[in-house]
Amino acid sequence: MSKISDDAQAILNYVGGPDNVNSLVHCVTRLRFELKDNQKVAKDKLLALPCVISVVNSGGQEQVVIGTKVADYYDVIQQLLANQRTTAKPKTAKHSTFSLTKVISGAFMPLLSVMAGAGMVKALLTVLASTHLLSTTSTPYLVLSAAGNAIFYFLPIFVGITLAKEFKADPFVGGALGAALLEPSFTGLIGKHGLNLFGMPLDPIDYSTTVFPIFIIIGAYILLDRLLKKIIPQQLQIFLNSMISLIILVPATVLTFGPFGNTVGNWISTIIMWLFSKSRLVAGLVLGAAYSFLTVLGLHWGLVPITLQNLKMYGGDVIGGVGVCAVWAQIGVALGTFLYSLFKNKDAKLKGLSGSITITGIFAGVTEPILYGLIMPSKRLIIITAIAGGIGGAINASLHVMVKSFLIDNIFSIIMMMYKPIGFMILGSGIALITAAVLTYFWGFESQKQK
């Protein structure tokens, strides 16, 4: 442990010392320093340390790649900071920079491992069910399905915890705010009409697996919490802060996001179908590029009524025929990341994670770990996903590719001929996959000096 302590002290010295550190967090392999002055970093000395794999400046952070023992170094450096850091001057706060990608990364990085593991459970169940080795109505299937689905269904709770923790608010209040959106008393209202709350119309929607609403509600909670800490006596804050936050923010969220999601979703579906009537090529390009991110915002629900109508009237749906390319574009990003970590980055942890989430995407159609763990925290991967999904979507739309029913896009959907024409579907989706993988491998990550 003394070796880790010595190296941790050296790392702290080479990033400019305790007084140069605004904050420190870590992900699965990296120490992420937010510094007052990045010019003080002695990069060559850091790279000379045997524990340091590489040093990268990204998203306003100086990232020191350690590997699987990063948590040990993080704990030691945090203790050193607590012991050695001098009192910061108030004016240094202005050097702290806000980065959306950094916030997204901080929210999802702690969840990436469990999302990948749960995705593997779902992939295993998909294989067992598709090969008729396990019935989807059997008790083992249902129990294991609960194990695989839980992290994704309750994502607003977990993101509420990690996001509140990222901003140094109470993580359990953050989790409770997310849990309120999934509590049976509220979910039992979904589908009912004519509801009102405090004299205002209430249109409850399903918030499971969504993340955009919880980002907004936690943002509001952070501001409210800071205000309450200033005006409420400290001895009363233990219950009043959380009580007021829950009473104000949960109703505000369900009154806002229900109508917002449905209205904007309906606008998007109207625009998409208008584009299809004018130009299939343009409509496929736009929808294929945007589909992944409509899911993040929870706005894809506005397309569901059109999908149902298309399946009933025509026996197939063009929206699903385009949306499948977005799924395979995300899988392509994961595959490109795996190849990058295998041949360029040489990061064993990244290789293991990206390899597992590639498998879950291919066999189970589970892309949440890819979307939230890899794509959303990276501006480059967002662009790549949009480009690859757009190209594939334009091809599929132009060739009149449709899905035959509601389904999860994975390799078994192709094997069971759930698309038509199947050959054109494979062409468009394959191009989306290959485009995303190639762009991710060659351009998706900033170049790094590897030891």
Side-chain angles (χ1 to χ4, degrees), residues 25 98 100 102-112 114-115 118 149-190 192 195-198 200-232 234 236-265 295-299 301 368 371-373 376-377:
V25 295
F98 175 84
L100 180 59
K102 184 174 71 175
V103 171
I104 295 173
S105 176
F108 287 110
M109 279 299 177
L111 305 176
L112 185 54
V114 66
M115 290 172 74
N149 288 332
I151 180 65
F152 303 110
Y153 182 88
F154 294 107
L155 201 55
I157 299 176
F158 293 102
V159 173
I161 293 171
T162 58
L163 200 55
K165 188 175 181 180
E166 178 80 2
F167 284 94
K168 297 179 174 57
D170 189 332
F172 299 107
V173 174
L177 289 168
L181 305 177
L182 304 172
E183 201 274 334
S185 297
F186 174 75
T187 58
L189 299 175
I190 296 173
K192 296 182 179 180
L195 302 175
N196 68 82
L197 179 63
F198 308 133
M200 292 175 281
L202 174 64
D203 189 8
I205 65 172
D206 184 1
Y207 291 98
S208 62
T209 74
T210 64
V211 295
F212 181 66
I214 195 62
F215 265 78
I216 301 300
I217 193 175
I218 295 299
Y221 163 60
I222 291 163
L223 297 176
L224 178 60
D225 184 59
R226 291 174 181 174
L227 174 64
L228 294 175
K229 286 178 178 177
K230 291 180 180 179
I231 63 177
I232 295 179
Q234 188 171 9
L236 300 179
Q237 289 182 13
I238 190 171
F239 70 92
L240 272 183
N241 284 23
S242 57
M243 172 185 168
I244 294 173
S245 297
L246 291 167
I247 287 177
I248 292 177
L249 295 176
V250 173
T253 299
V254 299
L255 285 171
T256 301
F257 282 106
F260 173 81
N262 284 346
T263 300
V264 176
T295 304
V296 173
L297 299 176
L299 299 179
W301 295 114
E368 286 90 348
L371 186 59
Y372 298 132
M376 294 308 298

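Keep in mind that this is a model prediction, so the values were computed, not measured.
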**Q.** Inter-residue atom distance L182.CG - D206.CG, 0.5 Å rounding
**A.** 7.5 Å
**Q.** Inter-residue atom distance I205.CD1 - L189.CG, 0.5 Å rounding
**A.** 13.0 Å
Q: Measure the shortest side-chain to side-chain distance between M200 and L197 over non-hydrogen atoms and say whether it is less than 4.5 angstrom.
A: no
Q | Pairwise side-chain contact, L202 with L255, heavy-atom cut-off 4.5 Å (strictly under) | A | yes
Looking at residues at least two apart in the chain, or sitting in another chain, which of them share a side-chain contact (heavy atoms from CB on, under 4.5 Å) with [X]?
{"X": "P201", "result": "none"}
{"X": "I161", "result": "I157, P171"}
{"X": "F239", "result": "L236"}
{"X": "L177", "result": "V173, I217, I218, Y221, L246, L249, V250"}

**Q.** Pairs meeting criterion side-chain hydrogen bond (donor to acceptor under 3.5 Å, both in side chains) with involvement of residues 176-186, two or more places apart
**A.** E183-S185
Q) Can you list every pair that meets side-chain hydrogen bond (donor to acceptor under 3.5 Å, both in side chains) and has a residue in residues 149-160, with sequence neighbours left out? A) K122-N149, S145-N149
Q: Please assess L111 against L155 for the test side chain to side chain contact (heavy atoms under 4.5 Å, CB included), listing each intermediate value before the final yes or no.
A: CA-CA 9 Å; L111 305 176; L155 201 55; 4.3 Å; yes
(Q) Suppose the criterion is salt bridge (charged side-chain N to carboxylate O under 4.0 Å, His left out): which pairs have a residue in residues 209-230, not counting sequence neighbours? (A) D225-K229
If you look at every heavy atom in [X] and [Y], which pair is closest and at what distance?
{"X": "L224", "Y": "I244", "result": "CD2-O, 4.5 Å"}
{"X": "A118", "Y": "I151", "result": "CB-CG2, 3.4 Å"}
{"X": "P156", "Y": "Y207", "result": "CG-O, 3.3 Å"}
{"X": "T162", "Y": "A107", "result": "OG1-O, 2.7 Å"}

Q: Walk me through it: do I216 and T253 pass the test side chain to side chain contact (heavy atoms under 4.5 Å, CB included)?
A: CA-CA 9 Å; I216 301 300; T253 299; over 6 Å; no
Q.
Q237: which residues meet the side chain to side chain donor-acceptor pair (under 3.5 Å) condition with it, sequence neighbours left out?
A. none
Q. Among all residues two or more places apart in sequence or in another chain, which pass the side chain to side chain donor-acceptor pair (under 3.5 Å) test with N241?
A. none
Q | F158: ring-ring contact (aromatic ring centres under 6.0 Å, His included) partners, not counting sequence neighbours | A | none
Q: I would like to know whether S242 and D170 meet side chain to side chain contact (heavy atoms under 4.5 Å, CB included); could you show each step before the answer?
A: CA-CA 9 Å; S242 57; D170 189 332; 5.9 Å; no
Q | Pairing residues for K168 by the salt bridge (Lys or Arg N to Asp or Glu O under 4.0 Å) criterion, not counting sequence neighbours | A | none
